[in-house]
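Notes to accompany the following structure.
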Amino acid sequence: MSATHRHLLDIEKLETQRIVQFLDTAEVFFDVSRRKIRKVPTLRGKTVINLFFEASTRTRTSFEIAGKRLSADVVNVSSSGSSVSKGETLLDTVKNLEAMQPDVIVMRHGSSGAPHFIAKRTRASVVNAGDGTHEHPTQALLDAFTIRRAKGRLAGLVVTITGDLTHSRVARSNAHLLTRLGATVRVCGPRTMIPPGIERLGVEVFDNFARAAEGADVLMMLRIQRERMGEVLFPTAREYSRHFGLNHKILKLAQPDAIVMHPGPMNRGVEIDPEIADGPQSVVLDQVEAGVAVRMAVLYLLAGEAGQSPLS
Ligand code: NCD
């Protein structure tokens, strides 16, 4: 398998054909989670290590469940309970885990590029589960999967991504993926949270939420990433919410059948009105369900045997 197919490190360098292959394969796995027996033998005898150096609820659990539903052996390692807290380097940690012969290392790390560094130094397949402010490829895949299921297509849709664009790996991966598959992507946030040169991603840039939301098919909200903020980029949560929080007034400006997305974890009342988060247009929990199917597809395409069919 070529290096680009052995790992999933980012959306930017992924071929469009491979993106579509991940999405189409996820359709096959989606039904497995709705069956009475939620398990297929596909990755029997394979080992997946979830190596998480940053907090996670959805992504880590979702990879674990995905691996288990494929019959892989899944092991979770987090920085707090591991020798990383004793000062071991990332490379030493990975080399030691590698000596136990895993097939896939799923990795979340606070430094952008950490999974790329490891991918060059291990025999295992590496999946980037979020690297600093860089990319979060499986989140973009599950978002695209959710939009495609809700709208039947991606091409021609207007997707407005609003919030902390500077620190959001979710926004970056989504901008790459959605523009590649023919959607128009608008990004919106306070000027202090718009990184210079963002239009190079092929997106339209707004600092006025009402204008960005007008006629949109999808409103994707982002969390304010306080843990990554060295400096304060907005005065107060209330002020932020007034200008960039999703409320009923803004929602009315979008298409009547627009869907509302959020990767989680949500700051209710800051970037999204709780009534909208729980309302009829919200697909937030559909995103979570899609996450398992997408990650099953990723693990299967990276670690399955050549010529093996997905469900056996
Ligand atoms: C995101 C992340 O960690 O990048 N969460 C997720 O994986 N669902 C977004 C966030 O933390 O705001």
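Counting convention: from 1, in listed order, for ligands and their atoms alike.
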Distance-only donor-acceptor check, side chains [X] and [Y], under 3.5 Å:
X      : Y      : answer
Glu98  : Thr122 : yes
Asp273 : Asn247 : no
Ser312 : Ser309 : yes
His167 : Glu227 : no

Which residue supplies the protein heavy atom nearest to [atom], what is that atom called, and how far is it?
atom                    : answer
atom 3 (O) of ligand 1  : Arg169 NH2, 2.9 Å
atom 11 (O) of ligand 1 : Arg223 NH2, 2.9 Å
atom 5 (N) of ligand 1  : Gly264 O, 2.9 Å

Practice problem: Output yes when Glu12 and Arg172 qualify as a salt bridge under the 4.0 Å nitrogen-oxygen rule, no when they do not. | Solution: no
Quiz item: Is the His134 to His116 ring centre distance short of 6.0 Å?
Solution: yes
If you count the atoms of ligand 1 from 1 in the order shown, which ones are under 4.0 Å from a heavy atom of [X]?
X      : answer
His136 : 2 (C), 4 (O), 6 (C), 7 (O)
Pro263 : 8 (N)
Gln139 : 6 (C), 7 (O), 8 (N)

Part of [X] within contact of ligand 1 (heavy atoms, under 4.0 Å):
X      : value
Val170 : side chain
Pro265 : side chain
Gln225 : side chain

Quiz item: With a cut-off of 6.0 Å (strictly less than), are more than 12 heavy atoms of other residues, nucleotides or ligands near CD of Glu239?
Solution: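 Atom CD in Glu239 is crowded, with more than 12 foreign heavy atoms closer than 6.0 Å.
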Exercise. May I ask whether Glu54 places a heavy atom under 4.0 Å from ligand 1?
Key: no
